[in-house]
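Let me begin by presenting the structure, written as structure tokens, before commenting on it.
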Amino acid sequence: MTDKINELLRRVEEFKPKAAAEIEEFRIKILGKKGELNALMEDFKTVAPELKRELGQQLNRLKNEATTRINALREEWQNAAAENAASEDDLTRPGTAEHLGSRHPISLVKNQIVEVFSRLGYTVADGPEIEDDWHVFSALNFPPEHPARDMQDTFFIEKDPDILLRTHTSSIQVRTMERQKPPIRVICPGRVFRNEAISYRAHCIFHQIEGLYIDEGVSFADMKQSLLYFAKEIFGEQTRIRMRPSYFPFTEPSAEVDVSCNLCGGKGCPVCKGTGWLEIMGCGMVDPNVLKANDIDPEKYSGFAFGMGIERVAMLKYGVKDLRLYFENDVRFLHQFDEAL
């Protein structure tokens with residue numbers, strides 16, 4: 001039996017395949033279930049007990065060396081095949097230009113808005129999308145019976161009345177007031193969620209950017225001039241704004257801000273509903289109750305806040321007439337903004 005083992009070991013050592021397929025054939029012949037090594041294992045069962053130790057060691061050596069030799073031959077042939085494939089490349093062929101993607105219009109507009117307000121001294125603040133009632137409603141002077149607290153308007157987490165998806169980025173303003181004392185001048189971009197029907201004018205997920213300025217002697221006139229400067233920088237020097245009285249729980253007095261519709265030049269179109277104006281944001285002087293709730297003295301400090309939907313600004317800036325396009329990831333739509341980079 002020793003002679004058979006040595007003979008098989010010699011064949012393994014001298015094996016030189018001419019093709020990769022021969023390696024697998026050799027493996028099956030030697031190490032397969034019906035291979036020569038298994039035949040020797042069957043013979044091993046009948047040898048005398050005093051010979052089992054020596055012959056067992058020889059069989060293990062044969063198996064290990066056969067496995068190592070076969071794996072080495074496989075790797076050698078794979079490396080040779082890879083080198084051959086690389087040598088076949090035509091190095092004189094012109095290269096293929098990689099196509100660069102485009103930045104999403106929401107990101108473009110958000111960055112432009114942040115850049116405009118950064119010139120006025122605003123810094124960017126951030127906060128969590130999953131919030132609690134205090135930061136979204138209570139600290140902003142929302143009464144307990146306000147409809148925004150209802151499930152038909154707000155997404156609550158696991159029916160917990162205290163945990164919800166934020167409905168506005170005003171929660172970031174609250175967190176800023178908690179950790180920072182005046183003067184405060186921040187802008188808060190982010191994604192928000194509201195339980196609304198999806199249409200060309202509305203969506204259940206959208207993006208907001210809000211601003212907060214608190215200091216001594218801040219007035220309504222300061223707010224108006226800041227927002228006029230913003231509108232002209234984003235939509236062009238010819239842009240006009242108008243402010244209409246409104247109501248928000250966290251500001252008093254409050255106003256809605258409209259900009260002249262640049263889709264129709266103020267003549268009237270379906271997007272502006274024939275008025276020549278488009279509402280882009282709400283704003284107002286920070287309510288004293290909000291300042292008190294965040295441990296800021298309303299007798300010493302005053303401030304204003306504003307908030308706008310980024311999708312609405314992008315609609316005006318780029319002439320997009322359907323909000324749903326922002327969420328469909330249609331590359332034909334996105335490629336239109338390649339040059340905006």
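Because only heavy atoms are used, hydrogens play no part in the values below, and waters and symmetry mates are left out as well, while side chains stay in.
Side-chain atoms of Asp133 and Ser138 include a donor-acceptor pair closer than 3.5 Å. A side-chain donor from one of Asp222 and Ser219 sits under 3.5 Å from a side-chain acceptor of the other. Side-chain atoms of His207 and Glu311 form a donor-acceptor pair, as typed in the model, at a separation below 3.5 Å. Side chains of Arg185 and Tyr213: a donor on one and an acceptor on the other come within 3.5 Å.
Among Arg166, Glu178, Gln173, the one residue that satisfies the side-chain hydrogen bond (donor to acceptor under 3.5 Å, both in side chains) test with His135 is Glu178. Only one option out of Asp126, Ile209, Val192, Ile187 pairs with Thr169 in a side-chain contact (heavy atoms from CB on, under 4.5 Å); it is Val192.
In this structure, Phe15 has its ring center under 6.0 Å from that of Phe26. Taking the ring centroids of Phe137 and Phe250, they lie at or beyond the 6.0 Å cut-off.
Of the charged side-chain nitrogens involved, none lies within less than 4.0 Å of a carboxylate oxygen, so that Arg242 and Glu256 do not count as a salt-bridged pair. Under 4.0 Å is where a charged nitrogen must lie from a carboxylate oxygen, and between Arg324 and Glu328 no such pair does. In summary, Arg10 and Glu13 do not engage in a salt bridge, as defined by a charged side-chain N under 4.0 Å from a carboxylate O. The existence of a salt bridge linking Arg119 and Glu233 is confirmed by a sub-4.0 Å separation between a basic side-chain nitrogen and an acidic carboxylate oxygen. Residues Glu65 and Arg61 are paired through a salt bridge, judged by an N-O separation under 4.0 Å between the basic side chain and the carboxylate.
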Practice problem: Please assess Val286 against Ser302 for the test side-chain contact (heavy atoms from CB on, under 4.5 Å), listing each intermediate value before the final yes or no. | Solution: CA-CA 7 Å; Val286 179; Ser302 59; over 6 Å; no
Practice problem: List the steps and the verdict of side-chain contact (heavy atoms from CB on, under 4.5 Å) for Glu279 and Met308. | Solution: CA-CA 9 Å; Glu279 175 190 324; Met308 71 193 84; over 6 Å; no
Quiz item: Under the side-chain contact (heavy atoms from CB on, under 4.5 Å) criterion, do Phe206 and Ile310 qualify, and how do the steps go?
Solution: CA-CA 8 Å; Phe206 57 100; Ile310 299 177; over 6 Å; no
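In this structure, the side chains of Phe235 and Val259 come closer than 4.5 Å at one or more pairs of heavy atoms. Residues Lys292 and Pro298 have side chains in contact (heavy-atom distance under 4.5 Å, counting atoms from C-beta outward). Considering only heavy atoms from C-beta on, Leu164 comes within 4.5 Å of Val136 through its side chain. Using a 4.5 Å cut-off on side-chain heavy atoms (C-beta onward), Ser226 and Phe304 make contact. In this structure the side chain of Thr68 never reaches within 4.5 angstrom of the side chain of Ile70, judged on heavy atoms. The side-chain heavy atoms of His104 and Tyr326, taken from C-beta on, include a pair separated by under 4.5 Å.
Side-chain atoms of Asn294 never come within 3.5 Å of backbone atoms of Ile296 as a donor-acceptor pair (strictly under, hydrogens ignored).
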